[in-house]
A.B. asks: 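Sharing a structure, written as structure tokens. Questions coming.
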Amino acid sequence: MFALVDCNNFYASCERVFNPALEQRPVVVLSNNDGCIIARSEEAKALGIEMGTPEFKCREFLREHNVAIFSSNYALYGDMSARVMTTLGELAPSIEIYSIDESFLDLTGFGRFDLEEFGRMVGKKVRQYTGIPVSIGIGPTKTLAKVANRLAKKTAGYNGICLLDSHKTIREALERTPVSGVWGIGRRWSHRLEQRGITTALGFSQVPATWVRKEMHLTGAKVQAELQGQSCLPLEEVQPSKKSICTSRSFGRNVRERDELAEAVSTFAARGAEKLRKAGSLASTVTVFAGTSPFEEPLRQYWATRTLTLLEPSQDTILLTAAADRLLDELFRPGYTYRKAGVLYSGLLPAGGSGANLSLFSETQGTRDPRHEKLMQVMDNLNRTYGRGTVRLAGESMEAWKPVQEHRSPCYTTRWSDIIEVKG
DNA sequence: TCTGGGGTCCTAGGACCC
DNA sequence: TCTGGGGTCCTAGGACCC
């Protein structure tokens with residue numbers, strides 16, 4: 001059996017933990033640049049506020065209904081997530097951290113234990129230790145645990161816990177779940193299924209397997225098997241190392257000049273290199289992309305991507321930033337209003353491992369330099385101690401893409417200066 | 001005026017090998 | 001007229017997740 005523990009309205013709940021005046025009040029959290037609504041408290045959902053609504057389209061409505069608005073504060077959410085996951089890790093033999101607000105627990109060996117009772121205990125402890133409310137779904141496969149979790153959230157009277165442990169309870173649950181609500185069935189697939197008259201998870205579980213395999217490939221076949229109670233997705237306790245690391249942003253304002261765009265790209269390249277070093281990875285390829293807003297009129301739209309393979313895999317900010325700048329040169333077209341850019345590192349290899357090929361032409365410019373390695377260590381240490389951006393390349397700048405954040409809450413758990421009034 | 005960021009997996013098709 | 005069989009690697013694009 002698997003349990004899926006999911007934090008309720010996670011970002012909104014994080015804001016509430018440190019601001020009890022928000023209890024009972026509708027709360028929304030906005031995406032970067034205060035663009036869209038990405039989290040809503042129950043009260044906000046009850047007002048009919050949809051996920052993903054652009055803030056500017058509902059500004060009046062939010063004011064009228066006294067909705068508390070927050071810019072996203074990932075330092076806070078990340079830290080609160082770690083607290084929740086630590087708590088869960090102490091309550092179950094093994095845990096897979098699936099996302100910032102969800103974990104699967106392995107309940108193998110719980111035998112005749114009352115799983116519902118266990119779930120209630122878990123929910124109570126997490127609430128007590130962190131202040132975050134959670135919902136818990138339990139089932140014989142991960143996908144069924146997801147189904148159960150969804151019902152636990154949506155059904156009044158379940159008290160945030162739903163256990164699927166018999167043929168009958170599973171069948172009823174699948175009947176009550178729309179096919180679009182199944183984990184792994186997104187918008188496209190659910191639309192296609194609905195067109196064929198398949199509207200519920202139960203209906204999908206009964207479609208001939210050959211059809212599913214042909215039309216929805218291996219991925220769809222696994223979802224179906226899991227709904228039928230056959231576990232195909234194991235608990236992944238150790239997170240597989242990342243295959244790519246991406247740093248990208250939409251800009252807080254219009255960017256038209258190459259130099260300005262270059263500042264943004266350099267900043268993303270450097271931030272990405274920092275992530276590489278933290279992960280202990282080397283990048284083999286660098287991709288740069290940039291473009292206009294997708295809401296721009298068609299003739300004024302431009303979107304471009306360029307990739308290069310490095311002579312040697314690297315995690316060196318100086319080298320990677322130079323590579324990103326060259327790629328930007330190739331893709332930049334004057335005359336457009338750029339609204340987004342990013343840098344993607346892929347072909348990641350473990351640093352210090354034997355997997356990295358050395359360049360045949362090691363004197364060539366752009367290969368490994370031990371002095372740079374030392375410099376990167378020093379930069380990382382300084383930036384860790386005194387805050388990001390304390391030491392950086394001259395080409396980096398926050399200006400072009402400085403995010404709009406008009407409603408950010410204090411970093412209650414990670415930044416003293418946010419919560420202590422400095423006198424004198 | 002104003003619309004997020006960061007990932008994964010799978011498949012098809014092209015280039016290339018013997 | 002008529003032109004094999006078996007494989008790998010890479011990339012782009014489409015689907016999905018939070």
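A, B, ... follow the sequence lines: proteins, then strands. Residue 1 opens every chain. Values below: every heavy atom of this structure, side chains too, minus hydrogens, waters and symmetry copies.
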A.B. asks: When you check every protein heavy atom under 4.0 Å of nucleotides 2-12 of chain B, what one-letter string (B, S, -) results, 5' to 3'?
C.D. replies: BBSSSSSSSS-

A.B. asks: Please enumerate all residues that pass salt bridge (charged side-chain N to carboxylate O under 4.0 Å, His left out) together with A:R408, with sequence neighbours excluded.
C.D. replies: A:D418

A.B. asks: For A:K153, which residues count as a side chain to side chain contact (heavy atoms under 4.5 Å, CB included) partner, sequence neighbours excluded?
C.D. replies: A:D6, A:N8, A:S135, A:N149

A.B. asks: How far, in whole Å, is C:dG4 from B:dC17 if one measures between their C1' atoms?
C.D. replies: 15 Å

A.B. asks: Mind checking what makes side chain to side chain contact (heavy atoms under 4.5 Å, CB included) contact with A:E43, not counting sequence neighbours?
C.D. replies: A:R16, A:P26, A:S41

A.B. asks: Once each nucleotide of nucleotides 13-18 of chain C is scored for protein heavy atoms under 4.0 Å, what B/S/- sequence comes out, 5' to 3'?
C.D. replies: --SSSS

A.B. asks: Mind checking which stems touch DNA chain C? I mean at least 3 consecutive Watson-Crick or G-U pairs, both distances under 3.5 Å.
C.D. replies: B:5-18 with C:5-18

A.B. asks: Consider side-chain hydrogen bond (donor to acceptor under 3.5 Å, both in side chains). Of A:K222, A:E226, A:Q230, A:Q224, which one does A:T143 pass it with?
C.D. replies: A:E226

A.B. asks: Mind checking the CG-CZ spacing from A:L151 to A:R176? Nearest 0.5 Å is all I need.
C.D. replies: 4.5 Å

A.B. asks: Looking at A:N33 and A:S250, would you say the former's side chain and the latter's main chain have a donor-acceptor pair under 3.5 Å?
C.D. replies: yes

A.B. asks: What about the rings of A:Y98 and A:W183, do their centers lie closer together than 6.0 Å?
C.D. replies: yes

A.B. asks: Does the ring center of A:Y11 lie less than 6.0 Å from the ring center of A:F70?
C.D. replies: no

A.B. asks: Is A:E55 reaching over with its side chain to a backbone N or O of A:I37, donor-acceptor style, under 3.5 angstrom?
C.D. replies: no

A.B. asks: Would you please test A:E175 and A:T200 for side chain to side chain contact (heavy atoms under 4.5 Å, CB included) and show each step?
C.D. replies: CA-CA 6 Å; A:E175 222 167 355; A:T200 66; 5.6 Å; no

